[in-house]
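Remarks on the structure that follows.
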Amino acid sequence: MSRSHFFKHLSYTLVHHHRPSYLSPPLSVYKFPHRWKKPSSSSLFSKSPISSSSSSSLFSSSSVTASPSTTTSESYAYLSVLIRCPKHVADSLSEALLCFGASSTSMDEDNDFDGSNEVCIDSIFPEFEDVDMCLSQAANSIGLKETPPYEVNLGDQYEWVRKTQESFHPVEVTEGLWIVPEWRSPPDVQATNIILNPGLAFGTGEHPTTKLCLLLLKKLIKGEELFLDYGTGSGVLAIAALKFGAALSVGFDIDPQAIMSARHNATLNSIGPETMELHLVPGKTCSSLDGREDEMVKEQSCYGTGVISGTEKYDVVIANILLNPLLDLADHIVSYAKPRAVVGISGIISEQCSCIVDRYSMLLEDISVSEMDGWACVSGRKKI
């Protein structure tokens, strides 16, 4: 698979079995608490495994990040695709769909079609995606001889965001740490509250990989660290690092909507560009947003190199994206960390840990694994 597939993300395609990215997708068909996948951190790197993804991210466009009471003169369409497939291939197919163009997938495991051995995968695609081609490629990639039956409906993205907002409530990641949607009040005003409007980018605090990364960050940040969020999505990790005491957070993504979402969320948390830098890196979604230019995007360089300068610069690096990009880009991810700095790798399901550990053991030492609800986060210190 081409490297470009991995950098589709955050709001549009993020990717491969988690998202979460390279990063994440629209929530219009998410039926919580059903399982869902975020296409990869949507943003740059969709989250990999099948999850509530990421993943990303999905939550990002500033034009769509309005509170329920806000109206907008524009609405953006997406394709809602319902796919019926055998249960035993549902996870693999969901992951493959994220690799071949889906922005997100979700499954209702209780829906067994009157006792049959089939489930329905709800997936989101960009409005003009060739769904037939995507499904054919996804099915072929996992060895299916035929494309499963499916139906396509055109959805209104603003409606999708409204439904998503109704579904999200404050999430207590751990004692004293909450992720609070912009349109809701913090349950504990004395706690560390990260205010988010996910929009179209991944990273709401709901997904286990996001929680695992937040718990890792809370343990690592002692004060004045430089933090890199590799595939930032909604910016939740970059924001959290600063609230924990980091001196600087840097995040990048390939999706303009992810950057807009992260910037909006930084503002919600009274964080300015002097402490939270966001960079748009080259990718298929870099040049435009459905043909629309945004002033924030214009400020970013879509084609320049060295978007984030300085290797071996960061005290903590986290990449919460997808399995394949995590494997392919391992050297690049770790190159940003200082010697002995901690690198966290997430967006993977527990069964994928062994291949991640094998790949990163060449670059990291003192490797440890934390798990939650079938998802994992691998961390270790960069070898000198």
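Minimum heavy-atom separation, Ile83 to Ser123: CD1-OG, 3.7 Å. Here the closest non-hydrogen pair linking Pro186 and Ile195 is CG-CD1, 4.4 Å. When all heavy atoms are compared, the tightest approach of Ser361 to Lys383 is O-NZ, 2.8 Å. Of all the heavy atoms in Val378 and Cys353, the pair that sits closest is CG2-SG, 4.2 Å. Nearest heavy atom pair, residue Pro256 against residue Leu280, reads N-CD1, 3.5 Å. For the pair Ala138 and Phe100, the tightest heavy-atom approach, listed with the atom from each and the gap, is CA-CD1, 3.8 Å.
Applying the 6.0 Å contact sphere to NZ of Lys219 captures no more than 12 heavy atoms from other residues, nucleotides or ligands. More than 12 heavy atoms of other residues, nucleotides or ligands lie within 6.0 Å of CD in Glu274, so this atom counts as buried by the packing criterion.
For Lys218, the salt bridge (Lys or Arg N to Asp or Glu O under 4.0 Å) test picks out no residue, with sequence neighbours left out. Here Glu277 pairs with nothing under the salt bridge (Lys or Arg N to Asp or Glu O under 4.0 Å) rule; sequence neighbours left out. By the side-chain contact (heavy atoms from CB on, under 4.5 Å) test, Asp358 is found to be paired with no residue, residues two or more places apart in sequence or in another chain being considered.
Between atom OG of residue Ser234 and atom CG of residue Asn265 there is a gap of 5.5 Å, rounded to the nearest 0.5 Å. Atom CG in Leu220 sits 10.0 Å away from atom CG in Asp315 (nearest 0.5 Å). The CZ atom of Arg381 sits 12.5 Å away from atom NZ of Lys338, with the distance rounded to the nearest 0.5 Å. How far CG of Leu237 is from OG1 of Thr210: 6.5 Å, rounded to the nearest 0.5 Å. Here the NE2-CH2 distance, from His207 to Trp375, works out to 4.0 Å after rounding to the nearest 0.5 Å. Rounding to the nearest 0.5 Å gives a distance of 7.0 Å between CZ of Phe227 and CD1 of Ile221.
Contact annotation: the side chain of Asp122 never approaches that of Thr105 to less than 4.5 Å [non-hydrogen atoms, C-beta and beyond]. Considering only heavy atoms from C-beta on, Asn140 stays 4.5 Å or farther from Gln137 through its side chain. Within the 4.5 Å cutoff, the side chain of Arg184 has heavy atoms near those of the His169 side chain. A heavy-atom distance below 4.5 Å is not found between the side chains of Ile356 and Ser354. Side-chain atoms of Asp366 and Arg340, non-hydrogen and from C-beta on, do get closer than 4.5 Å to each other. Side-chain contact check for Leu228 versus Val316: every heavy-atom pair is 4.5 Å or farther apart. Contact of the Leu217 side chain with the Phe244 side chain is registered, since non-hydrogen atoms from C-beta on lie closer than 4.5 Å. Taking 4.5 Å as the limit, every side-chain heavy atom of Val180 sits out of range of all side-chain heavy atoms of Leu196.
Ring to ring, Tyr78 and Phe125 are not that close: their centroids are 6.0 angstrom or more apart.
Checked for salt-bridge contact, Glu312 and Lys382 meet the test: a charged N lies under 4.0 Å from a carboxylate O. In summary, Asp331 and Arg359 engage in a salt bridge, as defined by a charged side-chain N under 4.0 Å from a carboxylate O. Salt bridge Arg84/Glu151: absent, no basic N to carboxylate O contact under 4.0 Å.
Hydrophobic clustering places Val131 together with Leu144 (ILVMFWY residues linked when any side-chain heavy atoms are closer than 4.5 Å, directly or through intermediates). Placement of Leu177 and Leu268 in two distinct hydrophobic clusters is found when ILVMFWY residues are connected by side-chain heavy-atom separations under 4.5 Å, directly or transitively. When the side chains of ILVMFWY residues are joined at heavy-atom separations under 4.5 Å, either directly or via intervening members, Val281 and Tyr230 end up in a single hydrophobic cluster. In the hydrophobic clustering of this structure, Val334 groups with Ile367; members are Ile, Leu, Val, Met, Phe, Trp, Tyr whose side-chain heavy atoms approach within less than 4.5 Å, directly or through other members. Residues Leu242 and Val342 share a hydrophobic cluster, clusters being chains of Ile/Leu/Val/Met/Phe/Trp/Tyr side chains in contact below 4.5 Å.
Side-chain atoms of Asn320 come within 3.5 Å of backbone N or O of Gly347 as a donor-acceptor pair. Side-chain atoms of Gln352 come within 3.5 Å of backbone atoms of Ile349 as a donor-acceptor pair (strictly under, hydrogens ignored).
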Report task. Please report the C-alpha distance between Tyr360 and Ile333 in whole Å, then the side-chain angles of each, then the deciding distance to 0.1 Å, and finally whether the side chain to side chain contact (heavy atoms under 4.5 Å, CB included) criterion is met. Result -> CA-CA 10 Å; Tyr360 281 84; Ile333 293 169; 3.5 Å; yes

Report task. Please report the C-alpha distance between Glu172 and Ile179 in whole Å, then the side-chain angles of each, then the deciding distance to 0.1 Å, and finally whether the side chain to side chain contact (heavy atoms under 4.5 Å, CB included) criterion is met. Result -> CA-CA 7 Å; Glu172 186 175 25; Ile179 307 296; over 6 Å; no

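For Ser368 and Ser379, the side-chain atoms include at least one donor-acceptor pair closer than 3.5 Å. Side-chain contact, Tyr150 with Asp132: a donor N or O sits under 3.5 Å from an acceptor N or O.
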